[in-house]
Asker: 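This is the structure, below, for whatever I ask next.
Every chain is numbered from 1, with letters handed out A, B, ... down the list of sequences.
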2 protein chains.
Amino acid sequence: MHFPSLDKDQRRILQALRRLGSLSRSALAIELEMSATALTRLSRDLLSLGLIEEVPDNGAQGRGRPAVPLRLAAGGGYAVGATAHRGMLDVALVDFTGTTIAAHHEATDPLDPQAFARRVRQLTHMLVDRHGLLGRRMLGIGIAVPGPSLSAAGDRWSVVDVLPGWRDAPLRDIFSTEMGWPLWIENDANAAAIAEFYLGGLIRDFSTLVVLLLGFGIGAGVITDGRLVRGQYGVAGEIGCLFPGHLPRPSPLDLLATLRADGCALTSLADIDFADPAQTPTILRWLDRAAHQLETVCNTAFAWLDPGAIMLAGTLPPVILQGLADRLHGADLVTTVFQRRPPVRVSALRGSPITLGAALLPIHALSVDP
Amino acid sequence: MHFPSLDKDQRRILQALRRLGSLSRSALAIELEMSATALTRLSRDLLSLGLIEEVPDNGAQGRGRPAVPLRLAAGGGYAVGATAHRGMLDVALVDFTGTTIAAHHEATDPLDPQAFARRVRQLTHMLVDRHGLLGRRMLGIGIAVPGPSLSAAGDRWSVVDVLPGWRDAPLRDIFSTEMGWPLWIENDANAAAIAEFYLGGLIRDFSTLVVLLLGFGIGAGVITDGRLVRGQYGVAGEIGCLFPGHLPRPSPLDLLATLRADGCALTSLADIDFADPAQTPTILRWLDRAAHQLETVCNTAFAWLDPGAIMLAGTLPPVILQGLADRLHGADLVTTVFQRRPPVRVSALRGSPITLGAALLPIHALSVDP
DNA sequence: GTTTTTAATTATTGTTGTGAAAATAAATAA
DNA sequence: TTATTTATTTTCACAACAATAATTAAAAAC
């Protein structure tokens, strides 16, 4: 059922192309310290698997036979990602380069895992049909769930309890019998980290990064040396617990609550509007307070993990995330000890990093050795 | 010059034996999901390299040809570890199983890197001679330095400035030209983490752990999935920066300073004595305060890394470390969110975990793929 | 055109690793 | 003693792979 697992050298080629875009065989051979012979064979295999392709018209390059750059082939396969929120269902379809082919977003009644899996299967079939992918290689499906794993194996998940029937259910069994595709289940913040890594371009410059996901609550995804950090029992990055339960934590719901407390009649996160004069003062106050709380988070992230970048992502409007980043840039973070600017940035991904990251999980698994 | 690098499967065998002690070929074949044929070949190679050996008289086991367990061979090689402190020089010699063959501790004038390397070479030759290791396989030398790396490559180090001429010196060049052996340089807390992992028995139960090293200042070593976490620029685990510069941090020097401020005339850490009635009250107060400060450290470690264990190690008397651990056990750490007891323990290693960990670096490098 | 240059491929050859099945080893049970 | 059982080793045919050198390809320089 699984796509044949790739050789270590084949994975190295794919990862180099993912990092550097396109490279000729000879450049790859130098980059990866392999012989040209080996590279010919490996690239032939990858070409015939359809995972890479030659870049067509490549302009003049001077004397000698022109090099033919290779790049990842969009048609190398596709993958599906899905997320469950309360009352929402998100599905994304990406090609082998990670580009979004289609994204689907719908409001639903709260679904139990079985119903969720059935609906995701339906939607997948619909999207596959609509985009003419029938018969093309399905690499698998990634599902991002809010909440940490209950086991290192990732069979059961402590899903936040707004999703009825999810907590402690054997999600892996349920999903894989319901859908039959190769399956990855991952924490939503970890999925977002994967998305920022591959699609946000961080893979070009960094091997270690942290993604702060301001979503339902607040969580973090950590990648070190190109690998997700899950911890001994799968709860690494659960930074929500750093905030005492009786105090507000810097999450979107907290902003919503703050706005309501100040008399703004909002029904959902979507109503938050920085430009609304009724909201601006409250939002500014919240930004100051939330940024102050995030200082601790950033400081401890630096101290423990030394990430090359800390990305802010989540459901908040970009303006508000940028407000947090600006305040953190101005703050006295511990990076100054090492004479570095705090590398806090705002996610620039179009589309939900959670769902995109979920869709990238099957592709990520092809690139990283087990 | 390097010991021939091992096959991935050979490394898997060594790591399984390091983890599980001793296993017969057939048990190994099952454990590692290899064929008996492959295991015979691989174990023959490792036997002829002298890295493993058969366990002699193994009692009755029931019907059938008795299984011959294999184990790591002490004589498979030896490695040297060295640490520089202010006015101290520590060297340890370990065999391939990680057992200490000899340890040497001496007081010196502050040494610059060249002089340090020369002295370590001298001592190594002396210990090698004294223990009849001439001609035996020298796997390399590990050097633990206090302070973080200045680069991901680990060529230059931001060594704490009590060591004159170390900071920002090209340590790798200096040491390797001076000694000529395969060389690893590592942060002292990371070295301690390696020691706890292999010698403290944590490798049996955990793949993710944190070691809090209360040494000159306070630092941490992090291992996730059996690999050291160094971060993007090599400063992961530098948790000293979490404590504001103008306030005391929970380090041995701080305890010393606290005792002195209370009128106890101590000259060095070695004079700290919990049983001394003049010191006890101060130490108790310090323990409460230090444990409270460490709560934050432990909480953020749990939140970011989800370690299977947090080990307390360092130069403080075990009684005092145990006092910290007891207080942390009683504290309301965030692990309780996940219904777990905080797995804080005190190092049980005999000998300096820093120097032992340094000596294990060449051995660790044999086991982990690059 | 011919030469030169660089890129990529194809023999060629030898090495290495592989699992299946058969053989051997060393014990207990009958 | 002989049969049985389990562990390990050997045999063997074969696939994967790598490096060198020779070859082909496609362009620019002459």
Asker: B/Thr99: what forms a side-chain contact (heavy atoms from CB on, under 4.5 Å) with it, not counting sequence neighbours?
Answerer: B/Asp95, B/Thr97
Asker: Not counting sequence neighbours, which residues clear side-chain contact (heavy atoms from CB on, under 4.5 Å) with B/Ala73? List them please.
Answerer: B/Glu53
Asker: Listing time: all N or O pairs from protein to nucleotides 1-3 of chain C that are below 3.5 Å?
Answerer:
none

Asker: Going by side-chain contact (heavy atoms from CB on, under 4.5 Å), name the residues that satisfy it together with A/Arg65, two or more places apart in sequence or in a different chain.
Answerer: none
Asker: Residues two or more places apart in sequence or in another chain: which of them pass salt bridge (Lys or Arg N to Asp or Glu O under 4.0 Å) with A/Arg19?
Answerer: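 Salt bridge (Lys or Arg N to Asp or Glu O under 4.0 Å) list for A/Arg19, sorted by chain: A/Glu31.
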Asker: Salt bridge (Lys or Arg N to Asp or Glu O under 4.0 Å) with B/Arg18: which residues, sequence neighbours excluded?
Answerer: none
Asker: Bend across the helix from C/dG1-D/dC30 to C/dA30-D/dT1, to 10°, with axes taken over 5 pairs at each end?
Answerer: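 Taking five pairs per end, the axes differ by 10°.
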Asker: So, using side-chain contact (heavy atoms from CB on, under 4.5 Å) as the criterion, who are the partners of A/Leu361 when residues are at least two apart?
Answerer: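 Applying side-chain contact (heavy atoms from CB on, under 4.5 Å) to A/Leu361 gives A/Trp184, A/Glu186, A/Ile194.
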Asker: Strictly below 4.0 Å, heavy-atom distances to any atom of DNA chain D: list the hits from residues 22-31 of chain B, or just say none.
Answerer: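 Those residues whose heavy atoms fall under 4.0 Å from DNA chain D, taken from residues 22-31 of chain B in numerical order, are B/Ser24, B/Arg25, B/Ser26.
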Asker: Which pairs, with at least one residue in residues 192-202 of chain B and sequence neighbours excluded, count as a salt bridge (Lys or Arg N to Asp or Glu O under 4.0 Å)?
Answerer: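 As it turns out, there is no salt bridge (Lys or Arg N to Asp or Glu O under 4.0 Å) pair with a partner in residues 192-202 of chain B once direct neighbours are skipped.
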Asker: Report, one pair per line, the protein and nucleotides 11-15 of chain C atoms (nitrogen or oxygen only) whose separation is under 3.5 Å.
Answerer:
none

Asker: For B/Arg227, enumerate each residue passing the salt bridge (Lys or Arg N to Asp or Glu O under 4.0 Å) test, keeping only those at least two apart in sequence or located in another chain.
Answerer: B/Asp369
